[in-house]
Protein chains: 2
Amino acid sequence: MRTKQRGPIGRPRGFDTDEALERAMLVFWEHGYEGASLANLTDAMGISTTSMYAAFGNKEELFRKALERYTEGPSAYLVRALEEPTALGVATAILSGTVRTTTRPAHPHGCLGVQGALTASDSGRGARDLLVAWRNDGCSRVRERFQRAVDDGDLPPRTDPGLLARYVTTLAFGIAVQAASGVSRDELQETADAALRNWPLS
Amino acid sequence: MRTKQRGPIGRPRGFDTDEALERAMLVFWEHGYEGASLANLTDAMGISTTSMYAAFGNKEELFRKALERYTEGPSAYLVRALEEPTALGVATAILSGTVRTTTRPAHPHGCLGVQGALTASDSGRGARDLLVAWRNDGCSRVRERFQRAVDDGDLPPRTDPGLLARYVTTLAFGIAVQAASGVSRDELQETADAALRNWPLS
DNA sequence: CGACTTCTGCATCGACCGATACAGAAATCG
DNA sequence: CGATTTCTGTATCGGTCGATGCAGAAGTCG
């Protein structure tokens, strides 16, 4: 058993990978995949293009890792919301989490998963498809959670979990667009509250 | 009074401006403002860059005119919806119009006003701000229509027209994002139907 | 130490970006 | 007709795009 901590051979990295990725995520969040140039990104990350390519591969890989970080950071409210005891609690937590994350002061407004690459040129198709999968995966998780609520008797037996999940995620994506348009946090939270007032959709 | 039709002096245009603009709109719709290159656009329009600049000014002006055409074409369901006799009819028509327009076969999926430029680099800020204003203007028109419904007694006197308008447009924008993610027309229409089942929001 | 491995800074690559200069073609004018 | 005006095709502009080559710096090895 080696007790002595040995670093890897060779010159060590002169920057913190996590912090650089965080900065890159913020740039992608604000400007989108194609709107964020390598110069923008490396400037914010505080490193050169060479170091970026050595550490992250290329722009698309950097985006992929930035999206993972976004999922586990600003968008972590989703997994927490899915653990709420009731379906209504889940829906409420998803929408309020969306509102808070998409309107946080000193952060870009909107959602990286929505505005990161809703459309793209040919060269950005990879990023666009990645976000399509990200959004659809989120909807699927919510649907599975609601299915469980139906099975557990938390939701009426005739409830369509897919429809409910589509409703909640549609609201969440719409809230993200509104936030990107500058709509205030309070107004969006009121909208989210009103949207769940007749849960589970009569 | 001149009865004889006289064309303008100089060589006449060798292409149809309206048709070229229609083609440009479709390219912007599919790829977004920054994702659509001049080469993409002029190829689809069937003209050279010189002719495009002579006829439309520059890329941003072309986008502005393409958005106007989109508003009066694919997005014309909004003004028609606002003329429905009841507030519920307005909301229903807006959402079903959004579903149909954002999932039309042989057209780009999604909404140009949403995915045209949700984010942008510095050079695309003009287009992004234009779309922000376009979306907020749409929401304002719906709010004014709902305010009229309150004044006319069509909606209960305590109804908040702004909240209702925000709810409907949030759903519409969310539907546009879902459509861009490949969600089917039928599923989105079911979502829209369910969203209005407890109108006007209890 | 010197050998080896890895990271960094600088310069630069070919491709594409939006936008133009210029000359000639195609129309209307007197 | 010739003069004038406008549009079109080609060729190209400087700038930026994402991505690399290369030499040297900065570490760990024996």
Side-chain angles (χ1 to χ4, degrees), chain A residues 2 4-21 24 27-28 31-66 116-117 119-128, chain B residues 2 4-21 24 27-28 31-66 116-117 119-128:
Chain A
R2 310 281 292 291
K4 182 85 168 291
Q5 283 279 25
R6 299 293 198 112
I9 332 175
R11 177 175 174 176
R13 219 163 245 146
F15 62 95
D16 184 313
T17 310
D18 280 348
E19 189 176 320
L21 187 55
V27 175
F28 280 132
H31 297 292
Y33 175 72
E34 293 194 310
S37 71
L38 260 292
N40 292 153
L41 291 162
T42 52
D43 277 5
M45 298 164 89
I47 62 178
S48 66
T49 64
T50 315
S51 299
M52 194 284 285
Y53 276 89
F56 300 101
N58 58 28
K59 190 187 179 184
E60 192 170 323
E61 279 299 308
L62 177 65
F63 183 72
R64 189 181 308 273
K65 285 158 185 161
T119 56
S121 67
D122 292 337
S123 73
R125 188 149 298 165
R128 195 201 57 178
Chain B
R2 308 283 291 294
K4 184 81 168 290
Q5 281 279 25
R6 298 294 197 111
I9 331 175
R11 178 175 172 176
R13 221 164 242 144
F15 61 96
D16 185 313
T17 310
D18 280 349
E19 188 176 320
L21 186 56
V27 175
F28 280 131
H31 297 292
Y33 175 71
E34 293 193 310
S37 71
L38 259 290
N40 293 153
L41 291 162
T42 52
D43 278 4
M45 297 165 89
I47 62 178
S48 67
T49 64
T50 314
S51 298
M52 193 285 284
Y53 276 89
F56 298 101
N58 58 27
K59 190 186 179 184
E60 192 171 322
E61 279 299 309
L62 177 65
F63 183 72
R64 188 181 306 273
K65 284 158 185 163
T119 57
S121 67
D122 292 337
S123 73
R125 189 150 296 165
R128 195 200 59 177

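FYI, side chains are in, hydrogens and waters are out, and symmetry mates aren't considered; it's all heavy atoms of this structure. Predicted model only: the values in this text are computed from it and were never measured. In what follows, chains carry the letters A, B, and so on, assigned in the order in which the sequence lines appear, proteins first and then strands, with residues in each chain numbered from 1.
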Set out, line by line, the N/O atom pairs under 3.5 Å between protein and nucleotides 3-6 of chain D.
| residue | atom | partner | partner atom | Å |
| --- | --- | --- | --- | --- |
| D/dT6 | O2 | B/Arg11 | N | 3.4 |

statement: Contact check, residues 13-20 of chain A vs DNA chain C, heavy-atom distance under 4.0 Å, returns A/Arg13, A/Gly14, A/Phe15

task: To the nearest 0.5 angstrom, please state how far the CD atom of B/Glu34 sits from the OG1 atom of B/Thr119.
output: 7.5 Å

- prompt: Of the non-hydrogen atoms in A/Val27 and A/Ala36, which two are nearest, and what is the gap between them?
  reply: CG1-CB, 3.7 Å

- request: Could you tell me the separation between the CG atom of B/Asp122 and the C1' atom of D/dT16, rounded to a whole number of Å?
  value: 13 Å

- prompt: Roughly how many Å is it from CG in A/Asn58 to P in D/dA19, rounded to a whole number?
  reply: 5 Å

message: Taking the cut-offs as 6.0 angstrom to the six-membered ring centre and 45 degrees off its axis, would you call A/Lys59 and A/Tyr33 a cation-pi pair?
response: yes

query: Which residues, if any, of residues 34-55 of chain A bring a heavy atom under 4.0 Å of DNA chain C?
result: A/Ser48, A/Thr50, A/Ser51

message: So, taking the atom named CG in B/Asp122 and the one named CZ in B/Arg125, what distance separates them when rounded to the nearest 0.5 Å?
response: 5.0 Å

message: Nearest 0.5 Å, please: how far is OH in B/Tyr53 from CD1 in B/Ile47?
response: 11.0 Å

field: Inter-residue atom distance A/Leu21.CG - A/Met52.CE, 0.5 Å rounding
entry: 11.0 Å

Side-chain donor or acceptor of B/His31 paired with backbone N/O of A/Ser121 under 3.5 Å: no

statement: Closest non-hydrogen contact found for B/Phe56 with B/Met45 is CE1-CE, 3.5 Å

statement: Heavy-atom nearest pair, B/Asp18 first then B/Asp16, reads N-OD1, 2.8 Å

